[in-house]
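Some notes on the structure that comes next.
Scope of the values below: all heavy atoms of this structure, side chains included, with no hydrogens, waters or symmetry mates. Below, chains carry the letters A, B, ... as their sequence lines are ordered, and counting in each starts from 1.
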Amino acid sequence: MKALLIAEYRQGKLLDSTYELVAFAKELGAETAMVLVGSAADAPKFEGRLYLADAAKYGEYNPDLHKKLVLAAVAKENPDYIVFIHSSYGWDLAPRVAASLRTGQVSEVVALVDGKFEVTCCNAKMRRSVAAKGTTTVVTIQAGAFSLQGEPQGSPQVEALELAETAAKVEFVGYEAAEQKEVDLTRAEVIVSAGRGVGKKENVPVIAELARALGGELGASRPVVDAGWAPHSHQVGTTGQTVSPKLYIACGISGAIQHLAGMKKADFIVAINKDKDAPIGEIADVLVVADVMQFVPAMTARCAR
Amino acid sequence: MKILVCIKQVPDMESRFKLNSDGTWYDETDLAFRMNEYDEYAVEQAVQLKEQLGGEPEITVLSIGPDRVVEAMKKALAMGADRGVHIQDPKYYQKDPWQIASAIARHAASQNYDLVFTGMQSQDRGSAQVGVTVAEILGFACATTLVGFSYDNGVITAKRELEGGTKGVAKLKLPAVVTCQLGLNTPRYPTLPNIMKAKKKEIAVQPIAELLQEEELTATARMYPPARKGGGIVIEGDVKDQIEKLFGILKEKTTVLRAA
Ligand SMILES: Cc1cc2nc3c(=O)[nH]c(=O)nc-3n(C[C@H](O)[C@H](O)[C@H](O)COP(=O)(O)OP(=O)(O)OC[C@H]3O[C@@H](n4cnc5c(N)ncnc54)[C@H](O)[C@@H]3O)c2cc1C
Ligand SMILES: Nc1ncnc2c1ncn2[C@@H]1O[C@H](COP(=O)(O)O)[C@@H](O)[C@H]1O
């Protein structure tokens, strides 16, 4: 069995998530080969063949060319699995490769169970076990779901990948840096976060007050930020900040994977949610089943006592 | 310009999910359905583009699913789409993303759309595949996860959201498919006059069998709720008691209340 792993490279660096791909291949029990559009100076450590294309020539985001590069490696390796991270790079590229090969794709795999892939659905409230038909399967794995035990090891045999033709439909213009942070949540010992369940913008200060009473900072889920109820610098999650406070209180937050990715390392997690089945309950040390707007002000008052 | 917007109708995610009789999908009874959140951004962006171009583009909204999906389509029409195509499929959940995309692409190929908007993912299946696959089948340019969209003279400038808050800017020429991310815009609420106007807009109906020629490439063996790990404590009951219980636990298990 062979897995072709598609590494990620951004702003001149190999991303660490590359080793999550290696960990997944290990769990599959597959031999590995890898494709990297990057640089020889920053090559990953693993055992197998590394198909290396130069990012200076093929770009960091150029889905049409990256697809062709992956397909060139697929033709040489004939892999059983073609594996991406379920990330802005992976979910953009994987379906293009799958469609070109007319092969099935299983998205955002969180576990391998009896040879089938386990994926989350319904906002993490349910799971599905998915089986792929056919000989080759494209897989994207959930970021953070598979991790390598120990340091990466090995030195791959490098083979250069080149394309004869470099016409592409999408032209990459450049990166825009994340907004400057006005609060550094990564240093906070206590974070009290507001989610969509707080209901309206006027209620956010009520959550902020509890944060203050506990000597902490206000955090927020993405919909709260998107709606303009809190500045982006307060957002916790994959597209916000990754935090690890001593105490994290999630108020009216359902517990989507992109939020959890930013706060699951907190030492102690309390969730306040009216829905006893909210997926946040899976990682919370304490789930308080209550209406946030009743519970939070009462808790702030109790802190002041 | 001809624009297509693909929308899915999905259950409210705060629902309690139960399994259907074959255990491969959720049981729809008692669920409230709404437009997939990501697709609302897609509809809004299409309508904003139509407004920018003085009303010239024609916007078709398409949905594959049982009869209930017409409700979501009506909302899109009330937001400003011009016509609907309902691809009727009571067994939509047994189709994999490849089949859904193939059916959409087959419809699109006969209509010469210049631009297709989809959500970046559906909230229930969440494969994040359908839009990109449609682009691939049609040979259109494609960019995913848009949090910024602008259009000028046949060229889209797409701002893609990357991890950690960084964005990537790319340009693509029509014909193109773009997939919309949360926060791309603020979807409008349909006004009463527009809801009334939408009632007169045409929704064409076509059975899925007329569009589907592909076999599935992946299949759901079963659906199930995730195993509860952790063993966290659940506190229910009266708010006062809840607070005392919570403070007790926080004092015992954390250091943050030492001062309090
Ligand atoms: C690529 C990508 C990146 C993303 N990045 C992030 C990110 O960085 N951070 C992030 O947070 N999200 C991110 N998201 C969005 C994520 O998928 C979820 O949509 C989001 O986290 C949901 O926010 P929420 O929990 O506040 O809202 P919802 O999911 O709407 O949940 C609201 C919760 O509040 C509860 N509730 C409602 N009313 C009350 C009440 N009165 N009292 C108590 N509880 C109540 C409900 O039961 C529900 O559980 C990203 C999504 C994608 C696709
Ligand atoms: N049944 C459907 N009908 C119409 N559009 C759909 C359907 N399923 C998915 N889509 C579109 O494809 C996007 C991605 O869906 P998915 O690949 O299921 O995550 C959605 O946001 C919709 O725009």
Side-chain angles (χ1 to χ4, degrees), chain A residues 61 87-88 91-92 95-96 99-100 103-108 116 121-123 125-134 169-179 189-190 214 222 226 238-240 246-247 268 275-277 281-290 294-295 298-299 302-303, chain B residues 13-14 16-17 26 96-98 123-129 132-133 136-137 141-145 160-173 182-183 216-226 228-230 232-236 239 242-243 246-247 249 253-256 260:
Chain A
Y61 176 70
S87 64
S88 59
W91 66 59
D92 191 273
R96 305 180 200 246
S100 301
T103 189
Q105 178 182 331
V106 186
S107 297
E108 208 172 359
K116 292 197 188 69
C121 53
C122 297
N123 208 8
K125 279 195 164 177
M126 300 297 270
R127 298 245 159 136
R128 289 187 302 133
S129 161
V130 182
K133 307 188 163 178
K169 297 200 233 15
V170 179
E171 180 205 338
F172 185 64
V173 181
Y175 294 102
E176 256 179 37
E179 283 167 51
E189 294 211 336
V190 177
L214 290 166
R222 178 178 183 134
D226 284 345
T238 46
T239 47
K246 289 191 174 146
L247 174 63
F268 201 81
D275 176 6
K276 199 178 167 182
D277 294 333
E282 257 187 79
I283 65 149
D285 296 285
V286 179
L287 171 65
V288 179
V289 184
Q294 282 175 7
F295 187 86
M299 182 162 169
R302 172 67 177 78
C303 288
Chain B
M13 290 302 145
E14 288 177 23
R16 249 208 140 111
F17 292 98
Y26 50 78
D96 72 350
W98 164 250
Q123 287 173 284
D124 55 355
R125 174 139 66 188
S127 76
Q129 289 179 33
V132 190
T133 307
E136 202 58 36
I137 298 172
C142 175
T144 58
T145 340
R160 302 188 61 231
E161 185 180 57
L162 313 177
E163 288 69 24
T166 308
K167 312 222 161 56
V169 180
K171 288 190 186 293
L172 44 164
K173 284 203 191 79
L182 305 168
E216 64 181 18
L217 297 173
T218 57
T220 304
R222 64 188 188 99
M223 188 184 248
Y224 44 94
R228 292 253 158 194
K229 299 186 217 82
I233 303 162
V234 178
I235 307 181
E236 292 183 272
V239 169
Q242 286 179 317
I243 286 179
L246 179 61
F247 268 73
I249 295 168
K253 299 269 174 74
T254 76
T255 51
V256 302

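- For B:K173, the part sitting under 4.5 Å from any heavy atom of chain A is the backbone (N, CA, C, O) and nothing else.
- Heavy atoms closer than 4.5 Å to chain B are found in the side chain of A:D275, but not in its backbone.
- A 4.5 Å side-chain heavy-atom check between A:K246 and B:V256 finds at least one atom pair inside the cut-off.
- Taking the side chain to side chain contact (heavy atoms under 4.5 Å, CB included) definition, one finds that B:T220 meets it with A:R128, B:T24, sequence neighbours left out.
- Within the 3.5 Å criterion, the main-chain N or O of A:F295 finds no donor-acceptor partner in the side chain of B:Q242.
- In this structure, the portions of A:V106 lying under 4.5 Å from any heavy atom of chain B include both its backbone and its side chain.
- For the set A:C122, A:A178, A:S107, the entry with the most heavy-atom pairs within less than 4.5 Å of chain B is A:C122.
- Only the side chain of A:Y61 comes within less than 4.5 Å of a heavy atom in chain B; its backbone stays farther off.
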(request) Quick one: do A:F268 and B:I249 satisfy side chain to side chain contact (heavy atoms under 4.5 Å, CB included)? Show the steps, please. (result) CA-CA 10 Å; A:F268 201 81; B:I249 295 168; 3.7 Å; yes
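- Residue B:I235 forms a side-chain contact (heavy atoms from CB on, under 4.5 Å) with just one option from A:V289, A:L287, A:V286, and that option is A:V286.
- For the options B:G164, B:A143, B:A128, B:G126, heavy-atom pairs under 4.5 Å to chain A are most numerous at B:G164.
- With a threshold of 4.5 angstrom between heavy atoms, B:Q123 approaches chain A through N, CA, C or O but not through any side-chain atom.
- With chain A as the partner, the residue from B:V234, B:L182, B:L246 showing the most heavy-atom pairs under 4.5 Å is B:L182.
- Rounding to the nearest 0.5 Å places CZ of B:R16 at 8.0 Å from NZ of A:K276.
- Here B:E163 is the residue among B:E14, B:E163, B:M13 with the most heavy-atom pairs under 4.5 Å with chain A.
- For A:S129, the parts sitting under 4.5 Å from any heavy atom of chain B are the backbone and the side chain alike.
- Ranked by heavy-atom pairs under 4.5 Å with chain A, the list B:V132, B:T218, B:V169 is led by B:V169.
- Summarising the geometry, atom OH belonging to B:Y26 is positioned 10.5 Å from atom CE belonging to A:M126; distances are rounded to the nearest 0.5 Å.
- No other option in A:A177, A:C121, A:A131, A:S87 has as many heavy-atom pairs under 4.5 Å with chain B as A:A131.
- Here the side chain of A:R96 pairs a donor or acceptor atom with the backbone of B:C142 at under 3.5 angstrom.
- Both the backbone and the side chain of A:A132 come within less than 4.5 Å of a heavy atom in chain B.
- With chain A as partner, the option from B:D96, B:I233, B:T145 having the largest number of non-hydrogen pairs under 4.5 angstrom is B:I233.
- Of the two parts of B:R125, the backbone and the side chain both hold a non-hydrogen atom closer than 4.5 Å to a non-hydrogen atom of chain A.
- The side chain to side chain contact (heavy atoms under 4.5 Å, CB included) test applied to A:A99 returns B:W98, B:T133, B:E136, not counting sequence neighbours.
- Taken from NZ in A:K133 to CD in B:E216, the straight-line distance is 3.5 Å, to the nearest 0.5 Å.
- Residues A:S88 and B:E161 have side chains that never bring a donor and an acceptor to within less than 3.5 angstrom of each other.
- The OG1 atom of A:T239 lies 8.5 Å from the NZ atom of B:K167; values are rounded to the nearest 0.5 Å.
- Neither the backbone nor the side chain of B:P97 comes within contact range of chain A, judged by heavy atoms closer than 4.5 Å.
- In this structure, the portion of A:K116 lying under 4.5 Å from any heavy atom of chain B is its side chain and not its backbone.
- Contact count against chain A (heavy-atom pairs under 4.5 Å) is highest for B:A219 among B:A219, B:G183, B:A221.
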